[in-house]
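Throughout, a chain's letter reflects where its sequence line sits, starting with A, and its residues are numbered from 1.
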Amino acid sequence: MKTGVYWSYLLVMFFVTYLIRVVPFVVFRKKIENKYIRSFLAYIPYTVLGAMTFPAVFYATGSLVTSTVGVAAALVAAYRGKGLFTVAICASFAALLAGML
Amino acid sequence: MKQFLQGFKDGSAIGIGYLSVSFTFGLAAVSSGLCWWEALLVSMMNLTSAGQFAGITIMAAAGSYIEMAISQFVINLRYALMSISLLQKVDREFHMGHKLLLGFANTDEIFAVAMSRQGEVSSQYFAGLAVLPYLGWTFGTLAGAVCGNILPQNVSDALGLAIYGMFIAIIVPAMKKDNHILKITLLAVGISVALYYLPGLQKISSGFAVIICAVAASAVGAVCFPVEDQTEEEV
């Protein structure tokens with residue numbers, strides 16, 4: 001990637017992310033009361049992360065087998081209520097071990 | 001000053017958490033082709049995990065600037081809601097200049113801590129609260145980016161799963177707790193899988209695919225299972 005292209009991407013990211021946080025902070029006076037808009041926004045983090053994770057995660061290590069082992073480990077750890085970093089390490093470690101076998 | 005120090009202290013746990021999350025972002029960024037300072041600047045200028053991750057994916061795929069802008073808009077839309085909520089909570093001394101500067105630091109976790117504070121939130125408190133998370137995010141990214149370049153290939157391949165592991169750690173407990181979130185998240189995953197594998201739809205770039213999945217599934221969620229209570233969002 002050329003340096004100029006990188007800066008263009010970076011500035012687009014920065015301006016959109018900055019404005020989305022700051023404009024409502026400066027402009028709005030009251031809360032959003034509409035329950036449909038509130039609900040839509042409440043679901044967004046989960047749908048974004050779900051769609052970003054699957055199916056891309058199965059290609060994350062470059063091997064379908066080790067990725068699948070890692071995903072399984074992550075799902076078990078997350079279901080048991082482990083913290084973010086623990087789950088991440090479990091996924092990576094399981095994939096690493098699967099790759100060595 | 002006392003308020004600043006209290007905020008500084010309250011932000012320490014977030015800072016430690018961010019250190020580890022951004023470490024995996026740094027790893028992911030260099031493995032997607034950025035150099036260490038490019039990864040570092042992305043973190044210093046954005047301070048958001050899912051948005052940054054989508055951003056480096058679009059950079060790696062040489063996506064369009066429009067795609068970049070829309071993806072950041074949709075993924076970070078929740079911050080608009082949080083900023084509006086936070087606005088109700090800040091005191092009268094929280095002036096325009098403070099808002100322009102400190103609004104940048106309104107992340108999921110900083111928002112949650114600020115909202116859980118008794119009474120109003122002052123600009124000094126919020127500034128203190130943002131310091132350690134920002135430093136954690138910055139130095140974690142740097143460490144991850146540097147390590148990504150020196151680790152053996154099989155280790156860095158395995159660590160490619162780390163950021164997804166964290167995403168799974170966020171969605172799975174919420175899905176377990178809330179049946180509506182479970183259904184809507186599965187819907188988003190289903191659409192994502194369909195877009196990825198169905199012939200004809202594969203031309204859709206990954207950035208747009210995430211946008212389509214998130215907007216469609218969340219809209220279905222808003223219509224079918226609107227959230228009734230008026231408590232603060234803490235996601």
Legend entry - Point-to-point distance, once rounded to the nearest 0.5 Å, from CG of A/L41 to CE of B/M82: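 These two atoms lie 9.0 Å from each other.
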
Legend entry - Gap between atom CZ of A/R21 and atom OG1 of A/T17 - 0.5 Å precision: 6.5 Å

Tell me which of these, [options], has more heavy-atom pairs under 4.5 Å with chain B than the rest.
options: A/P55, A/A95, A/G99; result: A/P55
options: A/I37, A/V12, A/V57, A/L19; result: A/V57
options: A/V26, A/L96, A/I89, A/V27; result: A/L96
options: A/L10, A/V87, A/L75, A/I20; result: A/I20
options: A/F40, A/F54, A/W7, A/F15; result: A/F40
options: A/T66, A/V71, A/T53, A/L11; result: A/T53

Are [X] and [Y] side-chain neighbours, meaning at least one heavy-atom pair lies under 4.5 Å?
X: B/F53; Y: B/Y164; answer: yes
X: B/M166; Y: B/V21; answer: yes
X: B/T107; Y: B/I110; answer: yes

Counting only heavy atoms closer than 4.5 Å, note whether [X] contacts chain A via side chain, backbone, both or neither.
X: B/Y196; value: side chain
X: B/K99; value: both
X: B/V90; value: side chain
X: B/A54; value: both
X: B/F94; value: side chain
X: B/L187; value: neither
X: B/S32; value: neither
X: B/L47; value: both
X: B/M96; value: side chain

Any chance the side chains of [X] and [Y] put a donor and an acceptor closer than 3.5 Å?
X: B/S83; Y: B/N106; answer: yes
X: B/S43; Y: B/S22; answer: no
X: B/Y79; Y: B/T48; answer: yes

Legend entry - Flag, side chain of A/Y43 to backbone of B/H180, donor-acceptor distance under 3.5 Å: no

Considering only heavy atoms and a distance below 4.5 Å, find which of [options] pairs most often with chain A.
options: B/A219, B/A222, B/A188, B/G165; result: B/A222
options: B/G63, B/G221, B/S218; result: B/S218
options: B/A217, B/A80, B/S156; result: B/A80
options: B/A69, B/G17, B/A216; result: B/A69
options: B/P173, B/A60, B/A162, B/G160; result: B/A162
options: B/I168, B/T185, B/V189; result: B/I168

Legend entry - OH/A/Y6: more than 12 non-hydrogen atoms of other groups inside 6.0 Å: yes

Legend entry - More than 12 heavy atoms of other groups within 6.0 Å of A/F93 CZ: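 It does not: A/F93 CZ has 12 such atoms or fewer within range.
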
Legend entry - B/Y18 ring center within less than 6.0 Å of B/F25 ring center: no

Legend entry - Nearest atoms (heavy-atom pairs only) where A/I44 meets B/A214: CD1-O, 4.0 Å

Inset, instruction - Over all heavy atoms of both residues, which pair between B/I58 and B/S71 is shortest? Give the atoms and the distance, please. - result: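 Closest pair (atom of B/I58, atom of B/S71, distance): CD1-OG, 3.3 Å.
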
Legend entry - Interface moiety of A/F14 toward chain B, non-hydrogen atoms closer than 4.5 Å: both

Legend entry - Atom group of A/F58 that falls short of 4.5 Å from chain B, counting heavy atoms: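 Contact with chain B: none, neither part.
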
